[in-house]
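Report on the structure given below.
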Amino acid sequence: MTKVDIFSGFLGAGKTTLIKKLLSEVYTGQKIVLIENEFGQIGIDGGFLKDAGIKVTEMNSGCICCSLVGDFGKALAEVISTYAPDRILIEPSGVGKLSDVYAAVERCEGTEISSATTVADVSKFKIYLKNFKEFYENQIEHASTIVLSRTQSTKQAKIDEAMELIRGINKTATVITTPWDQLDGKQIFDAMINSNTAGAMAEELLHEEHEHHHHHHDHDEECECGCHDHYHDHEHHHHHHDHDEECTCGCHDHDHDHEHHHHHADEVFDSIGFETTKAFTIEGLENALDELDDDDRFGTVLRAKGIVAGEDGKWIHFDYVPGEKNVRNGISDVTGKLCIIGSKVNRDEVKALFGI
């Protein structure tokens with residue numbers, strides 16, 4: 001059986017950073033394959049991970065819940081037969097639902113889910129939960145370990161508030177609140193593996209199924225999802241398989257149930273990708289990223305990242321989440337690329353901002 005570690009988390013939470021830490025401190029000497037499914041037209045993270053010497057299978061076929069039915073399972077089987085890895089790491093789209101990823105891996109023969117970890121930015125927890133509840137809550141609810149990022153730069157009151165919200169959604173997951181630089185990768189990995197594992201959690205939730213299911217329907221108005229822990233419900237799961245041919249999205253045909261407002265990621269989020277030969281400066285990019293905080297001009301930008309040429313001949317890598325940016329020199333790529341992800345993003349204004 002090939003062990004699978006799933007690293008879920010909303011856009012910009014720090015999934016790639018956590019994976020890199022584990023690659024350098026824990027997974028050394030093992031044959032590892034990373035499968036990522038970035039939401040959007042242009043895959044950027046593959047470039048960031050090339051320098052770690054890891055084989056990356058990039059799948060840029062749209063939102064994760066659409067690609068899971070076909071090519072995701074195929075990719076998993078192909079990875080196992082081609083590389084025979086010790087372990088597969090899956091980094092799903094930041095706007096994918098963890099329950100969909102989990103169910104897809106379970107359906108793939110020869111795999112065993114070792115851990116299901118969600119990385120959550122503690123400083124944005126409350127606002128993301130409020131604005132993107134359907135996707136954000138799903139990632140918290142189905143994790144066996146929740147790793148909080150940016151705790152070192154966040155006030156205690158905000159961390160406590162996030163913890164309270166987490167426990168309202170997921171009472172059993174191990175929550176890591178210590179800043180990552182104070183932990184070695186093995187401590188994090190041990191917590192992931194030894195936490196209330198995904199299998200044990202599934203059993204517990206199955207036991208509570210009737211009560212929880214009833215409770216959920218009483219609260220339709222405040223919960224916009226309707227896709228919660230249905231993969232634990234064997235009867236429903238069977239029903240879903242019976243209807244695979246009718247339903248092409250892989251999202252348990254809840255989108256036909258208007259009461260539940262079940263959405264695909266591509267209905268709620270925009271992904272705008274550009275390839276560009278333009279050369280930039282670090283200072284110019286930093287100024288441009290600062291401007292992205294202007295919601296009135298650009299829409300709600302949740303994530304920006306890119307690898308572009310620099311005027312001085314060095315290549316520049318950048319990352320952005322609201323209120324935080326990182327611009328640095330890095331390895332070159334075959335061409336420059338930028339990716340902007342958010343809600344109601346104004347494409348023309350973004351193009352004008354970067355001068356492309």
Side-chain angles (χ1 to χ4, degrees), residues 1-24 26-28 30-119 135 138-139 142-145 147 189 192-193 198 231 250-251 265-266 271 273 303 305 339 341:
M1 296 289 272
T2 303
K3 291 187 184 298
V4 176
D5 293 324
I6 303 169
F7 294 88
S8 180
F10 209 56
L11 298 156
K15 298 190 296 291
T16 304
T17 306
L18 177 62
I19 288 170
K20 279 182 160 181
K21 182 176 176 71
L22 294 175
L23 286 171
S24 63
V26 178
Y27 293 130
T28 49
Q30 296 181 53
K31 194 190 285 186
I32 302 290
V33 173
L34 170 75
I35 298 177
E36 63 167 10
N37 192 135
E38 189 54 78
F39 177 80
Q41 303 151 320
I42 296 176
I44 303 285
D45 281 345
F48 294 160
L49 288 156
K50 276 177 198 158
D51 52 5
I54 304 299
K55 294 185 181 79
V56 179
T57 303
E58 282 187 280
M59 298 179 298
N60 297 306
S61 51
C63 80
I64 188 131
C65 60
C66 296
S67 63
L68 278 181
V69 171
D71 58 337
F72 186 85
K74 191 177 167 188
L76 260 184
E78 203 174 294
V79 159
I80 292 168
S81 64
T82 306
Y83 302 115
D86 300 314
R87 201 173 275 273
I88 294 173
L89 314 185
I90 297 178
E91 182 185 3
S93 159
V95 294
K97 291 178 178 174
L98 179 51
S99 58
D100 285 338
V101 185
Y102 192 101
V105 176
E106 275 201 320
R107 286 198 293 268
C108 186
E109 284 183 24
T111 61
E112 176 192 348
I113 297 177
S114 173
S115 63
T117 301
T118 291
V119 184
F135 297 88
N138 183 280
Q139 294 184 359
H142 296 287
S144 49
T145 306
V147 182
F189 181 71
M192 285 163 48
I193 300 305
Y231 63 89
C251 272
D266 53 7
S271 174
R303 183 85 164 99
K305 55 184 181 175
C339 189
I341 304 173

**Q.** L89 vs L23 side-chain heavy atoms within contact, under 4.5 Å
**A.** yes
Q. According to the salt bridge (charged side-chain N to carboxylate O under 4.0 Å, His left out) rule, which pairs have a member within residues 108-119, sequence neighbours left out?
A. K3-E112
Q.
Testing the basics here: between S115 and I193, what is the closest heavy-atom pair and its distance to 0.1 Å?
A. CB-CD1, 4.2 Å
Q: Applying salt bridge (Lys or Arg N to Asp or Glu O under 4.0 Å), name anything that partners E78, two or more places apart in sequence or on another chain.
A: none
Q. Do E91 side-chain atoms and L34 backbone N/O form a donor-acceptor pair below 3.5 Å?
A. no
Q) Between T111 (side chain) and V105 (backbone), is there a donor-acceptor pair under 3.5 Å? A) yes
(Q) Determine whether a donor-acceptor pair (N or O, by modelled atom type, separation under 3.5 Å) exists between the side chain of S144 and the backbone of A116. (A) yes
Q | Approximate separation, where rounding is to 0.5 Å, of I90 CD1 and Y102 OH | A | 12.0 Å
Q: List in chain and number order the residues that pass side-chain contact (heavy atoms from CB on, under 4.5 Å) with Q30, two or more places apart in sequence or in another chain; answer none if no residue qualifies.
A: Y27, I32, D86, R87
Q. Is S24 reaching over with its side chain to a backbone N or O of K21, donor-acceptor style, under 3.5 angstrom?
A. yes
Q. Shortest non-hydrogen contact from V119 to A13?
A. O-CB, 3.3 Å
Q. Hey, does I6 have a side-chain heavy atom less than 4.5 Å from the side chain of P92?
A. yes
Q. For K31, which residues count as a salt bridge (Lys or Arg N to Asp or Glu O under 4.0 Å) partner, sequence neighbours excluded?
A. none
Q: Please list, chain by chain and in numerical order, all residues satisfying side-chain contact (heavy atoms from CB on, under 4.5 Å) with T2, sequence neighbours excluded.
A: I80, P85, I88
Q.
Using a 3.5 Å distance criterion without hydrogens, assess whether the side chain of K15 forms a donor-acceptor pair with backbone atoms of F7.
A. no
Q) Where is the tightest heavy-atom contact between M192 and L22, given as atom of each residue plus distance? A) SD-CD1, 3.9 Å
